[in-house]
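Just so it is clear: chains get the letters A, B, ... in the order the sequence lines come, proteins before strands, and each one is counted from 1.
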Protein chains: 2
Amino acid sequence: MARTGRPRGFDRDAALDAAMHLFWEHGFEPTTLNMLKEAMGGISPTSFYAAFGSKEALFREVVERYRVTHGSVTDILRDESLPPREVVETCLRRSVAMQTDASHPIGCLVTQAATNCGPENQFAAEVLSAERRANFDAIFKQVERDIASGHMPPDTDAHANATLFSTFMVGIATSARDGASREALERAVSLAMASWSVCQPTEK
Amino acid sequence: MARTGRPRGFDRDAALDAAMHLFWEHGFEPTTLNMLKEAMGGISPTSFYAAFGSKEALFREVVERYRVTHGSVTDILRDESLPPREVVETCLRRSVAMQTDASHPIGCLVTQAATNCGPENQFAAEVLSAERRANFDAIFKQVERDIASGHMPPDTDAHANATLFSTFMVGIATSARDGASREALERAVSLAMASWSVCQPTEK
DNA sequence: TCCATTATGTATCGCTCGATACGGAATTAG
DNA sequence: CTAATTCCGTATCGAGCGATACATAATGGA
């Protein structure tokens, strides 16, 4: 795209990754321009604003980046061919594995990067809350699909079940940061999935 | 104590309550001295520091205040006489009721007030994390007690069960802020408690 | 070669942050 | 009364915040 002019002196893609790690670990507000510039290789403020526009614009870009990389563990929630129970269980197991992976900050950017926002930065809280609510809706639809397919009993409370699994999922982030191991969370997922009710098998 | 000198011109107890509500809603860092002073009736910086010492000291005092007021919904986790399952269920139901009560900020101060802290304010994150880990330990002991009393099967994975219920509990805060109703969360608690395994009743 | 374009480096901007200095006001003890 | 004590109001501190001004360097196209 940039066909003329002085070439950029740093790797924009790597800089975006560095920003994602900072926002992931500290959250939107505590991550300062100085931290970002430093992590991007000590670039100047001019370079920063030329490349990303503003801290807010960078954050929005980082969220999108997270969504299609580490955050893609929830993509399976949109699948309509796999068995719903398998969908939710796989999502939870992938979330646990991702959030406890030491190659990046512990926890979840979507759940934790904009919890403490001043009134002037509510946009960040809203961006992430919208992501989480979309995940809730996807879980809800999976439960509905499981009921429709005859696996969960017809009188199943779909909304309550979606609330249960969604609440457990967002809780993983806090538990992981508080020191819960991947193994412990995996076993907790197994217990949670055991509460995915199924129709009583007909007597043979 | 203060028997001489000019009397304080504001209600320190009410000011502490106002600070708790601010930290609860916005978190430690986004809550500014100006917001605090304003909420305390427009007191001067001098009055603030004379009464509370520093923002950090005030936060520590607020956490203690929260712990013995709204946060006391987890006190039952230390009970050793009630049936463990009833203890955990009651704690979850009280947490849901408290966190969705519109008379104060939605969610949980312990879970959410220090999620986004810069390196210079890690103390806040650690103070709250310690509270949460203490709750996990208490849940763990309840599960162990239920196993010892013969309700849960002897081969029950106590740590996994504690992780499950603790993770669900901290997740309530995020779900509540994302708009989950008290009723939906109550029904989710019912579903969660159904996974509290019990020994198969002996055939009669 | 000259120019338009794009990025860069340095030096700041105005603002708000948490926290203090300093003098004065209100109370009690003697 | 005076003295000691405690709190208050105003003005401001140094530091860091996000963001910008301005001149300069490096590239491609005509």
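Both B:Glu56 and A:Phe48 sit near DNA chain C, but only A:Phe48 has its closest nucleotide nearer the 5' end. Nucleotides of DNA chain C nearest to B:Pro7 and B:Pro30 differ in position, and the one nearer the 5' end is that of B:Pro30.
Both cation-pi conditions hold for B:Arg8 and B:Phe10: the charged atom is under 6.0 angstrom from the six-membered ring centre and inside a 45 degree cone around its axis. Relative to the ring axis of A:Phe28, A:Lys55 places its NZ or CZ within 45° and under 6.0 Å from the centre.
B:Thr46 comes within contact range of at least one nucleobase, with a heavy-atom separation under 4.0 Å. B:Pro45 comes within contact range of at least one nucleobase, with a heavy-atom separation under 4.0 Å. Residue-level contact check: B:Phe10 touches the backbone only, with heavy atoms under 4.0 Å from sugar-phosphate atoms and none from bases.
A:Phe52 places its CZ atom 14 Å from the P atom of D:dA19, with the value rounded to the nearest Å. Summarising the geometry, the separation between CD on A:Glu120 and C1' on D:dA19 is reported as 15 Å, rounded to the nearest angstrom. Between A:Tyr49 atom OH and D:dA21 atom C1' the separation is 14 Å, expressed in whole Å. Between the C1' atom of C:dC17 and the CD atom of A:Glu29 lies a distance of 12 Å, rounded to the nearest Å. In this structure, CZ of B:Phe28 is placed 10 Å from C1' of C:dG18, rounded to the nearest angstrom. Straight-line distance from the CG atom of B:Leu36 to the P atom of C:dT16: 17 Å, rounded to whole Å. Remark: C1' of C:dT16 and NE2 of B:His26 are 16 Å apart, rounded to the nearest angstrom. One can place CE of A:Met40 at 14 Å from C1' of D:dG18, the figure rounded to the nearest angstrom.
Relative ring orientation between B:Phe136 and B:Phe140 is described as parallel, the plane-to-plane angle staying below 30° on a 0-90° scale split at 30° and 60°.
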Next item on the list: Evaluate the criterion ring-ring contact (aromatic ring centres under 6.0 Å, His included) for residue pair A:His104 and A:Tyr66; output intermediate values, then yes/no.
Entry: CA-CA 12 Å; A:His104 51 67; A:Tyr66 181 85; 8.3 Å; no

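Regarding contacts with the backbone of C:dT8, every side-chain N or O of A:Ser44 stays at 4.0 angstrom or more from both OP1 and OP2. Listed pair B:Thr32 / C:dC17 meets the phosphate criterion, a side-chain N or O lying under 4.0 Å from OP1 or OP2. Between A:Thr4 and C:dA4 there is no side-chain N or O to OP1 or OP2 distance below 4.0 Å.
Among all heavy-atom pairs drawn from B:Arg85 and B:Met193, the shortest one is NH2-O, 3.2 Å.
When distances run from any side-chain atom of A:Asn34 to the nucleotides D:dC17, D:dG9, D:dG18, the shortest one goes to D:dC17.
On a pure distance criterion of 3.5 Å, a polar donor-acceptor pair joins the side chain of A:Arg6 and the base of D:dA25.
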